[in-house]
Amino acid sequence: MNIQRWGKKIGISEKEYRELLMLFLESGSADIALLRKALESGNAQQVARCAHTLNGAAGNLGLDQIHEKAKRIESAANLNSLGTVSEDLFSLKKLFDEISETLEEGP
Amino acid sequence: VVAVEKNRNARLEEKNAQILKAKKIAEASNRAKSRFLCDMSHEIRTPMNAVIGFTDLLLETELTDLQVEYVRTIQQSGIALLSIINDIVDLSKIESGELDFEAIPFDPELLAYDVCNLVKPKTIDKPVELLCRIDDHLPAMVKGDPLRFRQVLTNLLDNAQKFTDAGEIELSLQLADQKKKGVKLQASIRDTGIGIPFAKQKSIFEPFRQSERNTARKYGGSGLGLSICRKIARMMGGNVWMESSKRKGSTFHFSAWLEKSEKLPDPQLMPVTCVGKRILVVDDNRTNLEILDRILTAAGMVPTTTHRSEKALSILEAALQDATPFQLCMADIRMPHLDGYAVAEQIRSAESRLSKIPLIALSNSPNRDAKRCEKAGFNGFLSKPVRRKKLFQMIDRILQQNNRPGDDTKISPKKIHTQYSVREELKHAIKILLAEDNPVNQRLTEIMLKNAGYKVTVVGDGTEAVDTFIADPENFDLIFMDIQMPEMDGKEATEKIRGKGFTQIPIIAMTAHAMAEDKKLCVDAGMNGYITKPIKRETVFAEIKKYVYRETVA
């Protein structure tokens with residue numbers, strides 16, 4: 001993952017993109033926690049809502065893989081089928097870890 | 001006999017019913033086909049965008065020359081394919097009756113120049129002059145669908161550019177007719193290109209037709225453009241037609257009925273500095289001289305024009321001797337014999353009473369020429385075709401600077417005025433209220449807007465948006481409003497603001513949903529427009545320009 005290039009893709013500097021990624025990790029982790037809780041209690045509506053938030057923010061940052069996964073969760077939850085969600089949630093978590101590793105590597 | 005008659009009638013009726021049924025089925029299946037085409041095209045568009053986007057990224061990596069060439073080819077083919085798909089989407093939307101037309105106020109003059117600027121880069125490497133002529137009677141605002149209007153203009157101008165290797169292309173926009181509630185605008189796009197033989201002039205408006213079999217091979221395109229343009233124009237109560245003769249080039253006309261807009265732009269007072277000033281315009285293109293002459297005269301200035309650059313200096317000298325000196329001189333950069341730089345250098349090294357005259361450069365390629373213009377002694381810089389308002393702003397600024405007390409003996413040669421700097425100053429004055437709850441989106445939009453020079457105030461939900469705006473309505477020029485927010489959502493917040501009598505402030509929705517119903521909800525709530533997420537810089541700026549620029553600049 002090349003932060004500079006991704007920032008450029010949406011037209012902002014590397015520094016600004018880093019800041020946004022940090023923000024995304026922070027707020028996104030909260031969303032993931034909420035999503036997990038909703039999943040455990042079988043609240044499909046809440047799952048969809050959390051996934052929607054993630055999907056929107058990731059889309060704006062050009063984080064396509066997260067965007068896709070979150071979108072899948074959202075569509076599944078909207079159809080009230082939560083069967084595949086935990087698998088996708090797992091890969092979401094991994095993608096988050098990847099971002100945080102890249103951020104730690106520094107510029 | 002009666003029985004036979006009855007029998008026949010019954011049979012006829014049955015036949016009729018069958019035919020009617022068959023017709024309905026045919027129509028339904030035709031609609032289904034169009035919708036299928038439309039859906040499929042949409043599905044193809046998404047991955048195509050990724051292909052094009054990633055070739056962009058690929059081009060930024062280290063590649064050999066051969067690889068660059070391959071990637072460029074992929075990219076160009078991708079763009080060509082995408083534009084064909086877009087055409088198909090449009091055509092199938094027209095056929096299935098799903099093409100919606102908006103009714104929003106827009107400035108037709110601004111739109112015409114935007115289209116010129118879009119097409120201009122493609123003419124820069126050819127000896128082609130791109131001109132834009134605006135009728136003095138053109139309304140400052142009309143109401144209709146600016147995107148569709150723009151689509152037709154862009155298509156026609158792009159065609160003209162494709163088929164013209166030398167000479168000029170002129171877009172003129174005029175008021176053709178008016179009624180109580182509507183205005184008919186007519187745009188004419190004249191080129192000096194290859195022209196179209198008489199026998200082919202009808203068929204080019206049919207879908208998938210181009211004038212020659214090998215046209216597509218040489219010039220590209222789907223052959224759908226003109227047929228779409230004509231259909232759109234007819235849906236706007238107008239038409240697209242053409243005149244052409246094989247050697248003289250072609251003229252395409254586009255007319256459309258639009259509503260009169262009750263929304264009027266702020267009155268623009270002509271800067272007093274400009275009135276009565278003598279201005280010399282030097283350009284080898286006579287059409288452009290004629291256009292500039294009209295614009296300047298209409299604004300109360302006293303222009304003199306010449307297409308012979310070698311005469312510029314002697315004209316200035318003669319005027320000085322007659323005690324009617326010029327106050328300003330504008331010169332085209334690209335001229336035969338003596339180009340704009342040479343004219344500027346001549347003037348700057350003339351006698352002292354002449355050498356201080358303010359000079360404005362007119363150029364086709366601003367990025368390429370800016371540095372050299374500054375060196376040659378120009379004070380300002382405008383890119384062609386020149387917009388009236390920009391021209392006045394610059395003349396005003398340069399004359400004022402020249403008249404500043406204590407500074408009247410010497411023009412500061414340090415800072416050259418470009419359109420860009422004038423525009424930048426205006427941008428800083430634009431204040432935006434941004435209501436968005438998601439911290440990532442909030443910050444991203446804020447960064448984009450701030451980087452572009454706008455002033456941004458950020459709030460996290462609808463209640464805050466309403467309170468912040470109402471506390472100081474004068475402090476905002478535009479509101480970006482997320483639709484989904486906790487507490488009070490974007491629609492409710494908009495209704496509150498509108499309900500308190502603030503009907504003028506433009507409110508733009510930001511939403512993840514791109515469906516027509518969502519759009520309708522936004523409009524019903526009193527919003528002026530909407531952008532869909534993911535947020536893209538270009539869309540955000542285009543939207544701001546649509547609502548704010550035309551009131552401050554236009």
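Residue numbers begin at 1 in each chain, while the letters A, B, ... track the order of the sequences. Just so you know, these numbers use all the heavy atoms, side chains as well, and skip hydrogens, waters and symmetry mates.
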Let me know if A/Glu19 has heavy atoms under 4.5 Å from chain B in its side chain, its backbone, both or neither.
-> side chain
When rounded to the nearest 0.5 Å, the distance separating CG of A/Asn60 from CE of B/Met448 is 7.0 Å
Of all the heavy-atom pairs spanning A/Ala57 and B/Val440, show the shortest one and how long it is.
-> CB-CB, 4.0 Å
For atom CZ of B/Arg150, is the number of surrounding heavy atoms from other residues, nucleotides or ligands below 6.0 Å larger than 12?
-> yes
Could you tell me whether B/Met488 atom CE has more than 12 heavy atoms of other residues or ligands within 6.0 Å of it?
-> yes
Could you pull out all residues at least two apart from A/Lys94 that satisfy salt bridge (charged side-chain N to carboxylate O under 4.0 Å, His left out)?
-> none
Residues in ring-ring contact (aromatic ring centres under 6.0 Å, His included) with B/Phe480, at least two apart?
-> none
Nearest-0.5 Å distance that lies between atom CZ in B/Arg443 and atom OG in A/Ser27 = 13.5 Å
Residue from B/Ile447, B/Thr445, B/Asn438, B/Asp437 scoring the most non-hydrogen pairs under 4.5 Å with chain A is B/Ile447
Please indicate whether B/Gln67 has more than 12 foreign heavy atoms, meaning atoms of other residues, nucleotides or ligands, lying under 6.0 Å from its CD.
-> yes
Measure the CG-CD distance between A/Leu23 and B/Gln442 for me, rounded to the nearest 0.5 Å.
-> 8.5 Å
